[in-house]
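We count ligands from 1, going down the list as the structure has it; atoms in each ligand are counted the same way. By convention here, the first residue in the shown sequence is residue 1.
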Amino acid sequence: MEILVTGGTGYIGSHTVVELLQAGHSVVIADNLCHSDRSVLDGIRAITGQIPVFYETDCCDRAALDRLFQRHPKLDAVIHFAALKAVNESELLPLAYYANNLGALVTLLQAMQAHRVNQIVFSSSCTVYGTPGNPPVTEQSPIQPATSPYGATKQMCERILQDAVHADPSLSATALRYFNPIGAHESGLIGEKPQGVPQNLLPYVTETAAGIRRELRIFGNDYPTPDGTCIRDFIHVSDLARAHVCALEHMRHVPAGWRTYNIGTGRGTSVRELVDTFIRTTGASVPFRYEARRPGDIGQIWADPSLAERELGWKSVKTLEETLLSAWRWQQHITNLEK
Ligand code: NAD
Ligand code: UD1
């Protein structure tokens, strides 16, 4: 198949491009490079031996998307990663988040309709479940009020897709609700590049181990969990990337329609467990101290991913140890590049 990947030079997008190329698909990337750079294409080439077609294109720019679809009249499907994703930033810049995340999806869907491309896989998030009840979370768990403008954009995008599918019976849309993607490609050649001080746990851990940060702050050890720290479902980004290939293949064999799947491991890991496992498997040192809870954090969440296994034939296979080692390999790669 020929697939348009928006946000394809970003963290999850680049790993998905690798999986798509290795599965024999052709890829066209559209990314405006607001949160990534072209050097990612070198990493993709080094891993796969192929260079995907790349357009520096904003998905809110309808004319640019029309040109892209005209140049690639055989596109079969779109995977839409392009979005702004920082929860804290979305509190400060809600309008930028609504304009970009909703604008890009609506513009893309209009362009797809005009050029008769009728399959889309959308990057959603477990954040749509808000503060859920007892884990694990299934796709039937209620959608709760969003806890940030970022989370609201994911809920609204899902609604936009549902409405679009309802109005156009030829359209197929699958939302993959990611839990906590971490790690990097096993080659250590592509990975996550946080801008400035990392907000997410594992990039902070690897930067502390690399000596870039002095110590990790663990936010809260008084949660009602076995060790008092929060529990999350951390999933290797390459496992997550593979879920997109499975979702596309599934779409070809089922009637058009709207579908959602949880993409997680089904295992909860506490923050403290993750830090201890990182130290044990890498041999690196990670000084840490406990701090007060981070506002907005939920105590525990993990996925029930059994629907994805049953319907998409997908499940995660990487262990936590290999996931953490991959993140460490990537951190060492970027630290060396910056020397
Ligand atoms: P990322 O920031 O690394 O990648 C997003 C890419 O989209 C970047 O390359 C950026 O330049 C591009 N982009 C943003 N707006 C664009 C626009 N208007 N037009 C063209 N390109 C644009 O983020 P990521 O972690 O790879 O996330 C990918 C998707 O997965 C996002 O939709 C995100 O909300 C979603 N998601 C991520 C996580 C996570 O923990 N990383 C969890 C759940 C969902
Ligand atoms: C957050 C977002 C989620 C988003 C994901 C990736 C919320 C509610 N969820 O998930 O929508 O998809 O980021 O961008 O905001 N922690 C520390 N020290 C740190 C950093 C984190 O102890 O320096 C802890 C946090 O308190 C949390 C856990 O590590 O308990 C995971 O945090 P993080 O990696 O930021 O992910 P989430 O908050 O789960």
Flag [X] as yes when one of its N or O atoms lies below 3.5 Å from any N or O atom of ligand 1, and as no otherwise.
| X | result |
| --- | --- |
| Ser125 | no |
| Ser36 | yes |
| Ile12 | yes |
| Gly7 | no |
| Cys59 | yes |
| His80 | no |
| Tyr150 | yes |

Which part of [X] is near ligand 1, with near meaning a heavy atom under 4.0 Å away: side chain, backbone, both or neither?
| X | answer |
| --- | --- |
| Thr57 | backbone |
| Lys154 | side chain |
| Cys126 | neither |

So, does [X] sit close enough to ligand 1 that a heavy atom of it is under 4.0 Å from the ligand?
| X | result |
| --- | --- |
| Gly103 | no |
| Asp61 | no |
| Asp31 | yes |

Under 4.0 Å from ligand 2, counting heavy atoms only, is it the side chain of [X], its backbone, both or neither?
| X | value |
| --- | --- |
| Leu202 | neither |
| Tyr150 | side chain |
| Arg293 | neither |
| Val87 | side chain |

Strictly below 4.0 Å, N to O, side chains only: are [X] and [Y] in salt-bridge contact?
| X | Y | result |
| --- | --- | --- |
| Glu186 | Arg329 | no |
| Arg293 | Asp297 | no |
| Arg242 | Glu19 | no |
| Asp163 | Arg159 | yes |

| How close does the nearest protein non-hydrogen atom get to atom 18 (N) of ligand 1, and which residue and atom is it? |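 Nearest neighbour among protein heavy atoms for atom 18 (N) of ligand 1, to 0.1 Å: Asn100 OD1, 2.8 Å.
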
query: Measuring from Ser326:OG to Glu321:CD, what's the distance to the nearest 0.5 Å?
result: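 These two atoms lie 11.5 Å from each other.
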
Contact atoms of ligand 1, heavy-atom distance to Ser124 under 4.0 Å: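 Those qualifying, in numeric order: 43 (C), 44 (C).
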
*So Asp227 and Ser270, side-chain hydrogen bond (donor to acceptor under 3.5 Å, both in side chains) or not? Walk me through it.*
CA-CA 8 Å; Asp227 64 18; Ser270 78; 2.6 Å; yes

Heteroatom proximity flag, [X] to ligand 2, N/O under 3.5 Å:
| X | result |
| --- | --- |
| Val271 | no |
| Thr147 | no |
| Phe219 | yes |
| Asn200 | yes |
| Asp297 | yes |

[atom]: which of [options] has the nearest heavy atom?
| atom | options | result |
| --- | --- | --- |
| atom 20 (C) of ligand 1 | Ile235, Val87, Asn32 | Asn32 |
| atom 29 (C) of ligand 1 | Tyr97, Tyr55, Phe81 | Phe81 |
| atom 10 (O) of ligand 2 | Thr127, Val128, Thr269, Asn180 | Asn180 |

Measuring centre to centre across the rings, with the benzene-like ring taken for any Trp, is His244 within less than 6.0 Å of Phe122? no

Q) Are the aromatic rings of Trp328 and Phe278 close, with centres under 6.0 Å apart? A) yes

- Task: Check the pair Glu311 / Tyr261 against side-chain hydrogen bond (donor to acceptor under 3.5 Å, both in side chains), numbers first and verdict last.
- Result: CA-CA 9 Å; Glu311 294 194 359; Tyr261 298 97; 2.6 Å; yes

**Report entry** Distance-only polar pair, side chains of Ser123 and Tyr178, donor-acceptor under 3.5 Å
**Finding:**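 Result is yes, a qualifying pair exists.
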
Q.
Could you tell me if Arg217 sits above the aromatic ring of Phe288, with its cationic atom closer than 6.0 Å to the ring centre and no more than 45 degrees from the axis?
A.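 No, Arg217 does not sit over the ring of Phe288.
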
